[in-house]
**Q** 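Okay, handing you the structure first.
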Amino acid sequence: MFNFLANPARFNQVTDRLMPATAGLAGLFLSIGIISALIISPPDYQQGDTVRIMYVHVPSAWMALFIYSFIAITSAIGLIWRHPFAHLSAQAAAPIGITFTILCLTTGSLWGKPMWGAWWVWDARLTSVLFLFFLYLGFMALNKAFDDPSRGEKSAAILALVGFINVPVIKFSVDWWNTLHQPASLLRADGPAIHSSMLTPLFLMALGFIFVAVCVLVTRIKVLLLKRRIRLMRINGGKLRS
Amino acid sequence: MDCFISFPKLKCFTLKNFLRRWSSPDPKRSVIIISMEFNGKNILCKRGEKEVFSGLSIKLVPGEIIELHGPNGIGKTSLLRLISGISKPTHGTFYWSDGTVSEYPERHFSRITLIGSADALKPMLTVEENLYDWTWLNRPRPERSTIISALRVFGIDALADTPVRFLSAGQKRRLTLSRLLTVETNLWLLDEPTIALDSEAVSLLKKLLVKHCESGGMAVIATNNDMQIQNTRKVNLLSYARSRQHE
Amino acid sequence: MNKLSWFIWHELKISLRNAGDTAVIVMFFLLIALLFPMGIGSSAALLTRIAPGVIWVAAILTAMLSLDSIFASDFEDGSLEQIVISPTPLILIVTAKFTAHWLITGLPLIFAVPIIGLIYDIPIKVFSLLLISMGIGTPILSLIGGLGAALVLGARRGGVLLALIVLPLLVPVLIFGTAAADAVFLGFSPKPPLLLLSAMLLAALAIAPSITTLAIRRALE
Amino acid sequence: MIEVVVEFIIMGGHAYYIWPAYIIATVGILGLWFFSIRELKYQKQILANLKEDISQKTQQRKCN
């Protein structure tokens, strides 16, 4: 599969055909998701209407983690088989991931204020997403830190791999740390089992997010391909080898 | 559009492979110069994303010296780095007569000595320590006598105990070149060896090169001025150049 | 084995020749630990309560300070190339460099902890736990920090970038290092955090040298 | 009819938290989408200009 998509010309043809479809699907899922999240699903008996923030907060947390594992996998492919296209897609996915992490953190604190009375809550999941944000930042900073882009890609890829091994360790240690310093009386966020009527908007929003991410990822890969091509043309001077 | 690299199969990574590739030479048998050919087939070299040269094949027969000539930026140093195995060529392979470099990297490394344009010396260590530690890096534990005799040949054995930061550029270059004597290797890779050297040191280096070739060794020298050694083959990299400046 | 010990001695010679640098590192550690009371006030109960956390944060920052020099000087003067093309496996040299870095930065910190212990008047039980957790934890700082140093080889702002990359990875070490010492205040047995810390040490020992070799080879390519 | 709309807006008293959350989410996603499209057009523009002046240069080289 990788070899088929690896040729930029073929990649452009395939994605040009698929792009309108994915964009349409993304819009469809998002609109249905938002409507069902805001209007159709009942308010939670305990938290009232604030549970509606969950429909945005939880999918963006999923997306943040999903995109980081995408980056780690493509980096591993890029390193093992020396595949520059894999490094390119990892570099293209990073800004999307970091936007979803910021979304997750802001909606998390917006949800924490009415629920627990504080903007920032040292909840284990929220803190590990905060460190995931710094892992993304390190990846993007390392990508741009070198004059020679191929050097930057490789060391950022290695950092993505090491970071990926570390995400569960950070999650576990933050959980432990949380139970250590947890003041007893806090209401746990996911106490009540999620009611089935809340699941549908959650998955609709998650699907909407996934399709948006795919669309933006494809566009950003095209942008990076164009940048690479322009850089090569400037260096090799107009003579476009076959 | 430049197509991407095809999809090479992942060599199976077994412990046997690892041990075979990284078995260090048994210390008893010191490496005698086994006369052995070394060649590379249609090498393509990239510096960053810029293509430097391509389609170059090089063949080294024991007892032969190759001088690389060509204008600046043609890729002389890049070719030396490729031969030494620091960087892998984007296309093409280097191979000895008993196996390619990528299959037996450790055997390849024990057969070459690279004297780069930058002297890899630690300013705070003394002359003798620098040479001793470098030799121990490449061979099992050397004796102090071989180190002192190598320094004596290059006439800097009197400075054995002075830290390198007090040495002049020429003396530092002599110390770097004295590495060629403490370790017998098949292939010498010299990058601009004659910079900062006085005439006496240059003639000494020529004598060493000739003696090295008589005993079946080989050398690749990247230099701008001619070394005037008899049976050297001059290779001009201009014919393989890819970059716009040299077309 | 003797090649490993020889190269550790080679690295120590280089660092100890100008011994002033290593003293600077310990002074930096003491200074950070002494700054906290200035900011937080000198109420004894509070200081003893936060002492393990302060000492661990100071240890991590001190390690960050001196990590940059592990590979940078070799990279500039060309000896890293000589090391890569030598028959000795690169993983041996990388492990020797990490151990040398630990001997220069990790060990002196553990000897400096008693002084801070007196100033923060940490009870003996907490103090001994802190020493044990530092003993297990500081090698992890050198290992993962060294990996970061190999990644930023040749980058423009290497020092700051190194901290940005490595600090998120050291969060678990900080959490369990302090938890081991806080066990006395919070009343649970210190064994689990110490065991988890040593598990992390073993994982770092397995991962860091091999991935650093990969990073160095790709850096020199 | 209006009370339904008003009651929908105040969201059971938590309007200050729910609406900003959704606004931030939409701003984030639309911003992501908009910037990458804009960048794509910008890069295509640069490529077009570059091709143009390279073809001019080759013509000059041919005629002199």
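It should be emphasised that the depicted structure is a prediction, and the values quoted were computed from it without experimental measurement. Note on naming: letters A, B, ... go to the chains in the order of the sequence lines (proteins, then strands), and numbering restarts at 1 for each one.
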**Q** Between B:Leu82 and chain C, with a heavy-atom cut-off of 4.5 Å, which part of the residue counts as in contact: side chain, backbone, both or neither?
**A**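 Contact with chain C: none, neither part.
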**Q** Less than 4.5 Å apart, side chain to side chain, heavy atoms only: is that true for C:Pro87 and B:Arg107?
**A**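 They are not in side-chain contact.
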**Q** For the atom pair CG (B:Asn130) and OG (C:Ser79), what is the distance rounded to the nearest 0.5 Å?
**A**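 That separation rounds to 9.0 Å.
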**Q** Measure across C:Gln82 and B:Trp134 and return the closest heavy-atom pair with its distance rounded to 0.1 Å.
**A**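 Taking every non-hydrogen atom into account, OE1-NE1, 3.1 Å.
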**Q** With a 6.0 Å cut-off (strictly less than), is the heavy-atom count around CZ of C:Arg157, excluding the residue itself, greater than 12?
**A**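 Counting other residues, nucleotides and ligands, CZ of C:Arg157 stays at 12 neighbours or fewer.
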**Q** Say you draw a straight line from CG of C:Leu80 to CD1 of B:Ile86; how long is it, rounded to the nearest 0.5 Å?
**A**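 Going from the CG atom of C:Leu80 to the CD1 atom of B:Ile86 covers 9.0 Å.
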**Q** Given that the side chain runs from C-beta out, which part of C:Leu92 has a heavy atom under 4.5 Å from chain B: side chain, backbone, both or neither?
**A**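 Interface part for C:Leu92: neither.
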**Q** So do C:Ser73 and B:Lys122 actually touch side chain to side chain, heavy atoms under 4.5 Å?
**A**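 Yes - at least one pair of side-chain heavy atoms lies under 4.5 Å apart.
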**Q** Closest heavy-atom contact between C:Asp77 and B:Ala118?
**A**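 Heavy atoms of C:Asp77 and B:Ala118 come nearest at O-CB, 4.2 Å.
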**Q** Between the side chain of C:Thr88 and the main-chain N/O of B:Leu137, is any donor-acceptor distance below 3.5 Å?
**A**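 Judged by distance alone, yes, a pair lies under 3.5 Å.
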**Q** What distance do B:Ser87 atom OG and C:Arg217 atom CZ have between them, rounded to the nearest 0.5 Å?
**A**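 Nearest 0.5 Å value for the OG-CZ distance: 12.0 Å.
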**Q** Tell me, for B:Arg141 versus chain C, whether the close heavy atoms (under 4.5 Å) come from the side chain, the backbone, both or neither.
**A**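 Neither part, no heavy atoms under 4.5 Å.
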**Q** For chain B, find its close neighbours in residues 4-15 of chain C: heavy-atom separation under 4.5 Å, sorted by number, or none.
**A**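 Heavy-atom contacts from residues 4-15 of chain C to chain B are C:Trp6, C:Phe7, C:His10, C:Lys13, C:Ile14.
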**Q** Check for a donor-acceptor pair, side chain of B:Arg81 on one end and backbone N or O of C:Leu220 on the other, with a separation under 3.5 Å.
**A**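 Yes, the answer is positive, given that a donor and an acceptor are paired below the 3.5 Å cut-off.
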**Q** Mark yes or no for whether C:Glu221, through its side chain, and B:Pro89, through its backbone, hold a donor-acceptor pair below 3.5 Å.
**A**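 Checking the backbone N and O of B:Pro89 against the side chain of C:Glu221, no donor-acceptor pair under 3.5 Å is found.
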